[in-house]
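Beneath this line is the structure, given in C-alpha cells, with notes to follow.
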Amino acid sequence: VGLDFHFHIKREYFQLGFVISGNKILENSQSQARLGYGYRKETARSNIAFFGGPTFFYGVVGVPDTANTFRPEFYQGIGVYAAAQAATKVVYDIGIGAELFTELSYKQKVIGLKLFLFFSGAYKGVKKNYNPHVRSENK
C-alpha cells in the first residue's frame, strides 16, 4: 500500500511518498518514506512523470534462534529509488495509470510495476465568460 503526493515549487517538481510492504499480502513488515525530484508533464488527457531520490526505510524480520523459534530483528537505512509514471485521465482530472519503479538498498533490491489511481487539482472548471458578441472558449 502506498501514497504519493506530487507538488511543485516554481518550476521544480517534487514527490513525497510513503509505502508499507511485506513478503505476503497484508503482512506489513517494512515502512518506507521517500523524497523525489524530477520531471512532470500534465496535459488535458494525460500525466507523465519521472522521479528519483533517496528512500528511508525501517522494518522487522523474524530470525530463527537456537530454541527453534523466531526472534524479531529490527533494521533501518537509506536507499535510492527511481520511477517512471504514465496516467490517462478518465473524467476531468481523475484517472488511472501505471508506474515502473526500482528501489535499491542493502536490505532489498526491487523492480516492479504498480497500478495507481490519479487525482489532480489542475482542473479549474468551465470558464464563466459569456458574452454574446465574442465566441465562447468553452467547447
Side-chain angles (χ1 to χ4, degrees):
V1 176
L3 179 67
D4 288 328
F5 177 66
H6 297 188
F7 63 97
H8 63 90
I9 299 174
K10 296 191 179 182
R11 295 189 183 267
E12 306 296 321
Y13 289 93
F14 298 93
Q15 175 190 47
L16 287 175
F18 184 75
V19 177
I20 300 173
S21 62
N23 291 330
K24 298 177 186 172
I25 294 177
L26 300 177
E27 180 183 72
N28 300 326
S29 59
Q30 179 168 307
S31 298
Q32 178 184 64
R34 61 179 171 245
L35 172 64
Y37 176 79
Y39 169 81
R40 184 169 171 257
K41 179 68 176 170
E42 186 171 5
T43 66
R45 300 294 302 154
S46 66
N47 180 69
I48 296 175
F50 302 93
F51 288 99
T55 180
F56 309 95
F57 61 89
Y58 62 92
V60 62
V61 294
V63 178
D65 60 9
T66 56
N68 204 18
T69 60
F70 290 90
R71 64 177 171 76
E73 181 179 294
F74 295 91
Y75 61 87
Q76 63 183 16
I78 299 174
V80 296
Y81 91 100
Q85 300 177 344
T88 182
K89 297 178 184 177
V90 179
V91 178
Y92 300 112
D93 282 352
I94 300 172
I96 57 172
E99 174 182 305
L100 180 64
F101 70 94
T102 183
E103 299 169 0
L104 305 171
S105 69
Y106 80 91
K107 201 64 175 169
Q108 70 177 0
K109 293 166 183 54
V110 178
I111 295 175
L113 181 69
K114 291 191 283 188
L115 301 177
F116 64 86
L117 297 175
F118 176 81
F119 302 98
S120 174
Y123 180 70
K124 302 298 183 200
V126 177
K127 293 182 180 179
K128 310 257 191 293
N129 61 346
Y130 178 73
N131 184 337
H133 305 293
V134 177
R135 184 177 52 190
S136 175
E137 294 178 7
N138 300 326
K139 294 183 180 182

query: Of Glu103, Gln32, Arg34, which is the lone residue that meets side-chain hydrogen bond (donor to acceptor under 3.5 Å, both in side chains) with Thr55?
result: Gln32

Donor-acceptor side-chain pairing of Glu42 and Ser120 below 3.5 angstrom: yes

message: Connecting only ILVMFWY residues whose side-chain heavy atoms lie within less than 4.5 Å of each other, what is the rest of Phe5's hydrophobic cluster?
response: Phe7, Ile9, Phe14, Leu16, Leu35, Tyr37

- request: Linking directly or through intermediates, with side-chain heavy atoms under 4.5 Å: list the remaining ILVMFWY members grouped with Val19, chain and number order.
  value: none

Return the [atom1] to [atom2] distance between [X] and [Y], rounded to the nearest 0.5 Å.
X	Y	atom1	atom2	answer
His6	Phe51	NE2	CZ	4.5 Å
Asn47	Lys41	CG	NZ	10.5 Å
Phe50	Tyr13	CZ	OH	14.0 Å

Contacts under 3.5 angstrom, residues 70-83 side chains, donor-acceptor by atom type, not counting sequence neighbours:
from, atom 1, to, atom 2, distance (Å)
Tyr75, OH, Gln30, OE1, 2.7
Tyr81, OH, Gln15, OE1, 2.1

Side chain to side chain contact (heavy atoms under 4.5 Å, CB included) involving Ser31 - partner list, sequence neighbours excluded: Phe18, Ile20, Tyr58

query: What pairs with Ala44 under side chain to side chain contact (heavy atoms under 4.5 Å, CB included), at least two apart in sequence or on another chain?
result: none

Side-chain donor/acceptor pairs under 3.5 Å, residues 112-119, sequence neighbours excluded:
from, atom 1, to, atom 2, distance (Å)
Lys114, NZ, Glu99, OE2, 3.2

